[in-house]
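Down below is the structure, laid out as structure tokens.
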Amino acid sequence: MRTVIFDLDGTLADTSKDLIAAANACFNGLGLGDVLDPVADAATAFHGGRAMLTLGFGRVKPDFTEADVAAQYPILLQAYGDNIDRYTVLYDGAIEAVERLKAQGYVVGVCTNKPEGLAQTLLTRLGVRDHFAALVGADTLPVRKPDPAPFVETVKRAGGDVSRSVLIGDTVTDRETARAAKVPSVLVTFGPTGHAVADLQPEALLDHYNDLEGILKKLIR
């Protein structure tokens with residue numbers, strides 16, 4: 001079956017403000033204040049917790065080590081889990097597009113580098129978990145994106161066909177995952193990096209979810 005697998009953060013939902021708030025909770029706990037900006041640093045948020053901590057420590061503690069990042073990471077996850085949907089919103093038209101795809105016979109799933117439990121919680125609180133046939137997170141398998149295994153596993157769990165699948169994402173991680181899986185990638189342009197994702201040379205760019213079906217008809221037979 002034709003299969004569409006979505007990334008979560010920065011693709012289906014704008015989670016950046018809640019992610020930045022969780023990282024800042026770590027820095028506040030260290031007496032450093034709000035080190036990250038929810039708007040200017042949104043792109044880093046979509047690269048994950050460790051990326052945010054690394055960016056923040058680089059600004060306020062130049063001699064930081066990976067041990068500093070490792071020590072704060074579980075604190076960040078706890079802070080994020082406690083306030084996972086305070087500011088997060090689904091991108092305009094995302095779920096409507098998912099439902100149209102399903103009505104046309106596509107199967108859909110989510111493959112994210114967010115820990116699976118947090119992804120399950122977020123999608124449930126947003127009221128959209130049941131829209132997806134499968135969800136694979138960063139810790140579902142021993143490897144995470146850009147290794148192709150999580151993508152392939154998501155397609156399998158959704159009941160789809162890798163040879164007739166596509167990955168919708170927003171970062172180089174998604175682009176490299178699709179390349180490794182030998183499937184097309186579609187990168188959204190409504191994230192913080194905008195049309196700069198074109199530099200990653202995906203098979204297609206998505207400016208709005210209203211355009212998704214037309215793009216997929218050209219990529220999946």
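Between N28 and D34 the shortest side-chain heavy-atom distance falls below 4.5 Å. Proximity of L12 to Y209: side-chain heavy atoms (C-beta onward) are separated by under 4.5 Å at one or more points. Using a 4.5 Å cut-off on side-chain heavy atoms (C-beta onward), L219 and V186 make contact. A heavy-atom distance below 4.5 Å is not found between the side chains of E116 and T121. Taking the side chain as every heavy atom from C-beta outward, L216 and L101 approach each other to under 4.5 Å. Residues I168 and V4 meet the side-chain proximity criterion, which asks for heavy atoms closer than 4.5 Å. In this structure the side chain of F6 reaches within 4.5 angstrom of the side chain of V108, judged on heavy atoms. Two residues are said to be in side-chain contact when any heavy atoms from C-beta on lie closer than 4.5 Å; K61 and D63 meet this criterion.
The SG atom of C26 lies 4.5 Å from the CG atom of L76; values are rounded to the nearest 0.5 Å. The CG atom of N24 lies 5.0 Å from the CG atom of L36; values are rounded to the nearest 0.5 Å. Between D211 atom CG and L205 atom CG the span is 11.0 Å, to the nearest 0.5 Å. Between I84 atom CD1 and T124 atom OG1 the span is 9.5 Å, to the nearest 0.5 Å. Going from atom CD1 of I95 over to atom CG of L90 covers 5.0 Å, rounded to the nearest 0.5 Å. Remark: E153 CD to C111 SG distance equals 9.5 Å, nearest 0.5 Å.
Here the options are L8, D9, T193, the test is side chain to side chain contact (heavy atoms under 4.5 Å, CB included), and the partner is F46; only D9 passes. Between T11 and the choices T171, D174, T112, D170, the side-chain hydrogen bond (donor to acceptor under 3.5 Å, both in side chains) rule is met once, by D170.
Looking at every heavy atom in both residues, L187 comes nearest to V197 through CD1-O, 3.9 Å. Of all heavy-atom pairs between P38 and K17, the closest is CB-CG, 4.2 Å. In terms of heavy-atom proximity, S165 sits nearest to V183 at OG-CG1, 3.5 Å. Residues Q104 and R2 approach most closely at O-NH2, 2.8 Å, considering heavy atoms. A pairwise comparison of heavy atoms in A178 and S185 identifies CB-CB, 3.5 Å as the closest pair. In terms of heavy-atom proximity, V188 sits nearest to G10 at CG2-O, 3.4 Å.
Using a 4.0 Å cut-off between charged nitrogen and carboxylate oxygen, D7 and K114 do not count as a salt-bridge pair. In this structure, E213 does not pair ionically with K217, as no charged nitrogen and carboxylate oxygen lie closer than 4.0 Å. Of the charged side-chain nitrogens involved, none lies within less than 4.0 Å of a carboxylate oxygen, so that R179 and E203 do not count as a salt-bridged pair.
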Problem - Derivation of the side-chain contact (heavy atoms from CB on, under 4.5 Å) call for T3 and R164 - result: CA-CA 6 Å; T3 309; R164 303 181 71 199; 5.9 Å; no
Problem - side-chain contact (heavy atoms from CB on, under 4.5 Å) evaluation trace for F132 with V107 - result: CA-CA 8 Å; F132 301 94; V107 292; over 6 Å; no
Problem - side-chain contact (heavy atoms from CB on, under 4.5 Å) evaluation trace for D147 with E176 - result: CA-CA 8 Å; D147 191 291; E176 292 304 317; over 6 Å; no
Handout entry: side-chain contact (heavy atoms from CB on, under 4.5 Å) assessment of H208 paired with T189
Key = CA-CA 8 Å; H208 191 281; T189 63; over 6 Å; no
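Applying the salt bridge (charged side-chain N to carboxylate O under 4.0 Å, His left out) definition to pairs two or more places apart or across chains, those involving residues 71-86 are D85-R125. Among residues at least two apart or in separate chains, ring-ring contact (aromatic ring centres under 6.0 Å, His included) pairs with a member in residues 72-124 are Y91-F190.
The number of heavy atoms from other shown groups lying within 6.0 Å of NZ (K156) does not exceed 12.
Linking ILVMFWY residues whenever their side-chain heavy atoms come closer than 4.5 Å, directly or via other members, places F64 and V35 in the same cluster. Put simply, V162 and V166 are part of two different groups of oily side chains (I, L, V, M, F, W, Y) that touch within less than 4.5 Å, one to the next. In terms of hydrophobic clustering, with Ile, Leu, Val, Met, Phe, Trp and Tyr side chains grouped at heavy-atom distances under 4.5 Å, I20 and L122 are assigned to a common cluster. Grouping the Ile, Leu, Val, Met, Phe, Trp and Tyr side chains by contacts below 4.5 angstrom, directly or via other members, places L200 apart from F151. Linking ILVMFWY side-chain heavy atoms closer than 4.5 Å, directly or via other members, places L167 and L141 in two distinct hydrophobic clusters.
Listed for the R175 side chain is a donor-acceptor partner under 3.5 Å among the backbone atoms of Q201. Under a 3.5 Å cut-off, the side chain of R129 and the backbone N or O of Q120 do not form any donor-acceptor pair. Without hydrogens or angle criteria, R157 side chain to A133 main chain gives no donor-acceptor distance under 3.5 Å. Side chain of T177 to main chain of K145: no donor-acceptor pair is present (N/O by atom type, distance under 3.5 Å, no hydrogens or angles).
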Let me check something: any side-chain donor-acceptor pairs from residues 48-56 under 3.5 Å, sequence neighbours excluded? List them with distances.
from: T54; atom 1: OG1; to: R50; atom 2: O; distance (Å): 2.8

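No side-chain donor-acceptor contact under 3.5 Å links N83 and D18.
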